[in-house]
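Structure first, then comments.
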Amino acid sequence: MKITMPNGDIKEHAQGINGLEIAKSISERLAREAVGIIVNGNRQDLSTPINTDATIKILTFDDEEGKDVFWHSSAHLMAAAIEKLYPGTKFGIGPSIENGFYYDIELPDEQKLGLEELPKIEAKMKELSEEKSDYNRIELSWDEAVEHFKKIGDNYKLELLEGLQGDEISFYKQGDFVDLCRGTHLPNTSMIKYFKLTSVAGAYWRGDSSRNMMTRVYGISFPKKKMLEDYLKMLEEAEKRDHKKLGKELELFMITPAIGAGLPVWLPKGAFIRRKLENFIKEELLKRGYVEVITPHIGNLDLYRTSGHYPYYSDSQYDPIKVEDEEYLLKPMNCPHHHQIYLSKPHSYRDLPLRLAEFGTVYRYEQSGELSGLSRVRGFTQDDAHIYCTQGQLKDEIKSTVELTQLVFKTFGMPVTTRLSFRDEEEGKYAGDMEKWELAQKVLKEVADEINLDYTIALGEASFYGPKIDFIVRDAIGRKWQLGTVQVDYVMPERFGLEYIGADNQKHTPVIIHRAPFGSLERFMSILIEHYAGNFPFWISPVQVSILPISDKQFEYAQKVYSRLTERGFRATIDLRSEKVNRKIAESEQQKIPFALILGQKEEDEGTVSVREHLKGNIGTHLLEELMERFDELNKVVVKE
RNA sequence: GCUGAUGUAGCUCAGAUGGUAGAGCACUUCCUUGGUAAGGAAGAGGUCACCGGUUCAAUCCCGGUCAUCAGCUCCA
């Protein structure tokens with residue numbers, strides 16, 4: 001029979017040959033590293049016989065799917081170790097994930113599993129790995145499978161089986177450990193040599209917060225020692241970029257329980273960067289015909305009854321404030337206020353689009369366990385705007401907002417993914433009629449296609465009043481966060497009774513686009529800090545130059561250099577302490593200041609400055625005037641294509 | 001909100017079977033005037049997160065609360 005290789009080569013093999021044998025026929029090394037095989041598009045074990053002509057691809061750890069197999073088998077190995085150490089443990093699910101694997105478990109007799117237990121489990125895994133047990137696939141009927149789990153009393157697996165009723169059920173067994181599993185698995189446990197259990201956390205059974213909380217043990221494994229070492233090193237490096245850590249070190253922001261959990265305070269340097277960001281986007285808005293408005297931080301509760309946000313989001317809003325006979329809500333969003341501005345006078349189609357922009361601070365009562373640095377907070381400022389337009393203007397306006405959002409990410413060189421967040425079928429989750437939803441989703445998708453957006457579609461991620469385009473970035477440790485967003489809304493114009501007079505002299509309802517390129521300035525800042533690891537580009541650095549005289553003989557010259565820089569608008573500090581220049585340089589570098597000017601007798605005599613660039617080191621002696629010309633260039637925002 | 005971990009000087013962290021604590025850096029003063037990542041000395045600095053309990057005695061043991069971190073659920 002004919003076996004077609006990924007490169008197109010066709011080889012003749014005897015019927016019934018398996019993946020491992022094919023790998024061997026290619027090279028010993030491939031046979032050693034193979035983890036699974038794709039046969040005519042289906043992934044299967046290397047031990048499964050192949051009986052017909054087939055196109056194949058042998059998987060190794062280097063393939064995404066290979067990693068999946070490797071980590072999934074690792075999860076089984078970990079489960080086996082836990083089973084040995086804690087007999088009677090019940091097992092939930094144990095999949096591979098983006099970086100490694102986990103298994104959800106429930107220890108018997110209310111036992112708890114803490115971090116101290118992980119080394120024990122690792123040791124047992126090592127032992128089991130060295131036993132070199134084969135992963136054997138076993139197929140059972142559904143009834144037999146149920147029988148098995150009833151016997152060992154694993155109600156979680158029984159529940160999983162309910163969803164598989166009628167199917168042929170496959171199990172995998174390595175050593176004494178048997179687990180319900182679709183596969184694919186490695187040939188044997190000895191391939192899993194280098195691993196680390198990274199954390200333990202609670203996880204609701206089937207992701208449902210009304211159900212039992214199981215213990216989730218996370219781990220990662222590799223076929224080569226160096227890979228594990230590199231991975232652990234990478235984690236360490238990522239920790240150094242943590243915005244919470246850098247925020248403290250660079251004095252950008254603080255969060256103190258004395259003010260309140262999740263209520264960040266911007267320190268002078270952080271506030272400086274934030275204003276730079278705001279001014280950057282403000283300029284772009286003015287170019288695009290937006291007008292700025294300012295609205296208060298609270299609003300009459302009736303506004304949110306009209307919009308539907310209250311009580312839809314009552315769980316995540318602060319309690320209303322009573323003022324005389326009325327109730328006010330700390331605003332969880334800016335839209336209703338902007339709608340009132342729209343309503344304050346009649347509109348002609350000639351006025352549209354009306355684009356109202358505001359850096360609006362909103363307050364949301366996030367669950368305590370959700371709070372995290374600047375990424376998830378209870379008070380934050382959106383670079384918000386609402387565009388009121390006609391149906392005919394909608395597409396162009398969406399395009400323009402998407403383009404603006406993309407400009408933000410390009411400017412800072414941040415990798416971003418784009419998601420069309422559409423509705424699902426869940427009852428009661430969405431407002432407005434289906435027709436409008438379909439129209440809104442259609443328009444978004446058309447626009448996305450017309451501008452060749454590289455997107456994914458996520459059902460159920462829409463907001464309750466409309467679908468959106470979300471821009472998603474990752475933080476230093478790989479978590480995904482939504483930053484920019486563009487939303488189409490047919491619901492609020494109706495609820496608030498927004499109108500305009502068309503060319504036909506009839507009343508019409510406008511469409512609203514809600515959009516925020518940064519999303520929230522707090523969250524954007526968290527990502528910005530981690531993206532640059534605190535080494536901000538010159539134009540947003542709170543301090544751009546430090547002036548470091550070598551001895552007090554140069555203090556006067558240093559003051560002169562300082563004045564010339566600050567008079568030209570550069571942000572400089574001067575270090576007049578009686579410290580050695582090495583010390584001054586070290587501190588300037590730690591503060592991640594883009595440039596340090598070292599001034600000694602030689603520079604003073606020549607009227608020059610010795611320049612040290614952050615992360616690059618000494619870049620030689622320059623005339624101050626020349627240097628400032630370079631600084632002028634660096635001060636310009638450059639969009640990286 | 002839930003699970004696990006953590007909370008000691010401004011920062012980073014030690015610490016003792018229960019007898020009210022230490023280092024480095026930062027800070028203040030003095031000495032030092034030094035050429036591309038930390039010169040030296042002295043001083044000052046703590047309700048050991050908070051509240052209760054056990055105890056002759058609690059920072060340490062127990063219970064609760066708050067906060068922080070990771071994960072789960074949620075996220076206009």
Side-chain angles (χ1 to χ4, degrees), chain A residues 97 102 104 112-118 198-218 239 242 244-245 248-249 251 255-258 260-262 304 307-310 312-313 315-317 331-336 362 364-373 376-377 382 384 421 431 461-466 468 477 479 481-482 485 487 489 491-492 514 516 520 523 548-555 577-590 596-603 610-621:
Chain A
I97 49 176
Y102 68 77
D104 285 346
K112 284 188 176 163
L113 191 71
L115 284 170
E116 315 83 69
E117 275 75 41
L118 296 185
T198 46
S199 71
V200 30
Y204 297 110
W205 170 236
R206 309 207 111 179
D208 183 342
S209 58
S210 67
R211 308 210 43 188
N212 238 6
M213 180 157 269
M214 305 185 74
T215 304
R216 178 170 295 179
V217 188
Y218 285 90
E239 260 169 52
D242 182 349
K244 300 182 284 297
K245 187 176 153 67
K248 191 180 272 180
E249 286 171 6
E251 298 183 342
I255 297 175
T256 165
Y304 302 97
S307 71
H309 289 97
Y310 185 89
Y312 188 93
Y313 287 108
D315 285 352
S316 49
Q317 284 164 0
K331 74 176 171 186
M333 54 193 347
N334 306 299
C335 0
V362 297
R364 298 175 185 175
Y365 184 80
E366 303 286 359
Q367 301 181 83
S368 57
E370 251 326 315
L371 301 176
S372 176
R376 191 75 183 266
V377 292
Q382 299 173 312
D384 209 358
S421 299
E461 294 292 333
S463 69
F464 80 94
Y465 51 75
K468 46 186 186 151
I477 59 172
R479 292 178 297 197
W481 297 95
Q482 180 201 309
T485 183
Q487 314 176 354
D489 176 9
V491 172
M492 294 302 155
H514 306 242
S520 103
R523 183 176 287 178
L548 314 179
I550 286 174
S551 82
D552 55 14
K553 296 189 191 74
Q554 287 86 42
F555 280 7
R577 294 175 306 165
S578 69
E579 289 292 347
K580 290 191 165 186
V581 73
N582 274 2
R583 156 64 70 94
K584 296 182 183 182
I585 288 166
E587 290 180 12
S588 178
E589 292 284 352
Q590 268 160 15
L597 307 186
I598 289 127
L599 307 181
Q601 196 57 52
K602 188 164 139 285
E603 286 75 18
S610 175
V611 186
R612 195 186 153 95
E613 191 170 350
H614 177 51
L615 300 176
K616 284 196 184 144
N618 190 349
I619 57 166
T621 303

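In what follows, every chain begins at residue 1, and chains take the letters A, B, ... in the order their sequences are listed.
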[X] near the nucleic acid: base, sugar-phosphate alone, or nothing, with a heavy-atom cut-off under 4.0 Å?
X        : value
A/Ser209 : sugar-phosphate
A/Tyr102 : nothing
A/Lys553 : sugar-phosphate
A/Gln317 : base
A/Gln601 : base

**Prompt:** Minimum heavy-atom separation for A/Gln317 to A/Pro332, with atom names?
**Reply:**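 Here A/Gln317 and A/Pro332 meet closest at NE2-CG, 3.7 Å.
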**Shortest non-hydrogen contact between A/Val581 and A/Leu548, atoms and distance** = CG2-O, 4.3 Å
Shortest side-chain distance from [X], nucleotide among [options]:
X        : options             : answer
A/Arg364 : B/U36, B/U33, B/A76 : B/A76
A/Lys248 : B/U12, B/G35, B/U36 : B/U12
A/Glu587 : B/U36, B/A76, B/A26 : B/A26
A/Gln367 : B/A76, B/G34, B/G1  : B/G1
A/Ala586 : B/A5, B/G34, B/A37  : B/A37

**Prompt:** Who passes salt bridge (charged side-chain N to carboxylate O under 4.0 Å, His left out) against A/Glu239, sequence neighbours left out?
**Reply:**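 Here no residue qualifies.
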**Request:** Decide yes or no on side-chain contact (heavy atoms from CB on, under 4.5 Å) for A/Arg577 and A/Glu587, but give the supporting numbers first.
**Result:** CA-CA 12 Å; A/Arg577 294 175 306 165; A/Glu587 290 180 12; 2.9 Å; yes
Say you pick atom [atom1] in [N] and the same atom in [M]; how far apart are they, in whole Å?
N     : M     : atom1 : answer
B/C13 : B/A49 : P     : 15 Å
B/U47 : B/C51 : P     : 12 Å
B/U20 : B/A9  : C1'   : 16 Å
B/G15 : B/A21 : C1'   : 8 Å
B/G64 : B/C2  : P     : 12 Å
B/U3  : B/A57 : C1'   : 36 Å

**Prompt:** Hey, is A/Tyr313 doing a stacking thing with B/A76, by the 5.5 Å centroid and 30° angle criteria?
**Reply:**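 Yes, aromatic ring over the base.
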**Request:** Go ahead and write out RNA chain B as dot-bracket, 5' to 3': ( ) for pairs within the strand, [ ] for ones crossing earlier pairs, | when the partner sits on another strand, dots for unpaired; Watson-Crick or G-U wobble, both distances under 3.5 Å.
**Result:** (((((((..((((.....[..)))).(((((.......))))).....(((((..]....))))))))))))....
Confirm from the modelled atom types if [X] and [N] form a donor-acceptor pair under 3.5 Å, side chain to base only.
X        : N     : value
A/Glu603 : B/G35 : yes
A/Asp552 : B/U33 : yes
A/Ser578 : B/U32 : yes

**Fill in**
Going 5' to 3' through nucleotides 65-72 of chain B and flagging B where a protein heavy-atom sits under 4.0 Å of the base, S where only the sugar-phosphate is that close, and - otherwise, we get --SSSSBB
Is [X] near enough to [N] that one of its side-chain N or O atoms lies under 4.0 angstrom from OP1 or OP2?
X        : N     : value
A/Arg583 : B/G39 : yes
A/Arg612 : B/A37 : yes
A/Lys580 : B/U32 : no

**Fill in**
Taken to the nearest 0.5 Å, the spacing of A/Arg364 CZ from A/Ser520 OG works out to 9.0 Å
**Message:** Assuming nearest nucleotide by heavy-atom distance, tell me which of A/Gly617 and A/Gln382 is located more 5' along RNA chain B.
**Reply:**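 With A/Gly617 and A/Gln382 compared, the 5'-side residue is A/Gly617.
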**Message:** Heavy-atom nearest nucleotide on RNA chain B for A/Ile550 versus A/Glu579: which residue maps closer to 5'?
**Reply:** A/Ile550
Given atom [atom1] of [X] and atom [atom2] of [N], what is their separation to the nearest angstrom?
X        : N     : atom1 : atom2 : value
A/Lys602 : B/U36 : NZ    : P     : 11 Å
A/Leu548 : B/U33 : CG    : P     : 20 Å
A/Gln487 : B/A76 : CD    : P     : 8 Å

**Asked** Hey, mind stepping through A/Lys244 and A/Asp242 against salt bridge (Lys or Arg N to Asp or Glu O under 4.0 Å) and telling me if it holds?
**Response** CA-CA 5 Å; A/Lys244 300 182 284 297; A/Asp242 182 349; 3.2 Å; yes
**Request:** Using the six-membered ring wherever Trp is involved, compare the ring planes of A/Tyr304 and A/His309 and label them parallel, tilted or perpendicular (cut-offs 30° and 60°).
**Result:** perpendicular
**Prompt:** Taking the side chain from A/Glu117 and the backbone from A/Gly114, do they hold a donor-acceptor pair closer than 3.5 Å?
**Reply:**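 Yes, because the side chain of A/Glu117 sits within donor-acceptor range (under 3.5 Å) of the backbone of A/Gly114.
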**Asked** Given A/Arg523 and A/Gln482, is the side-chain contact (heavy atoms from CB on, under 4.5 Å) satisfied, shown in steps?
**Response** CA-CA 9 Å; A/Arg523 183 176 287 178; A/Gln482 180 201 309; 4.2 Å; yes
**Message:** Using the rule given for side-chain contact (heavy atoms from CB on, under 4.5 Å), can you reason through A/Thr485 versus A/His514, listing the C-alpha separation, both sets of side-chain angles and the distance that settles it, and then say yes or no?
**Reply:** CA-CA 8 Å; A/Thr485 183; A/His514 306 242; over 6 Å; no
**Item:** Residues A/Arg612, A/Glu589; criterion side-chain contact (heavy atoms from CB on, under 4.5 Å); working and verdict
**Value:** CA-CA 10 Å; A/Arg612 195 186 153 95; A/Glu589 292 284 352; 2.8 Å; yes
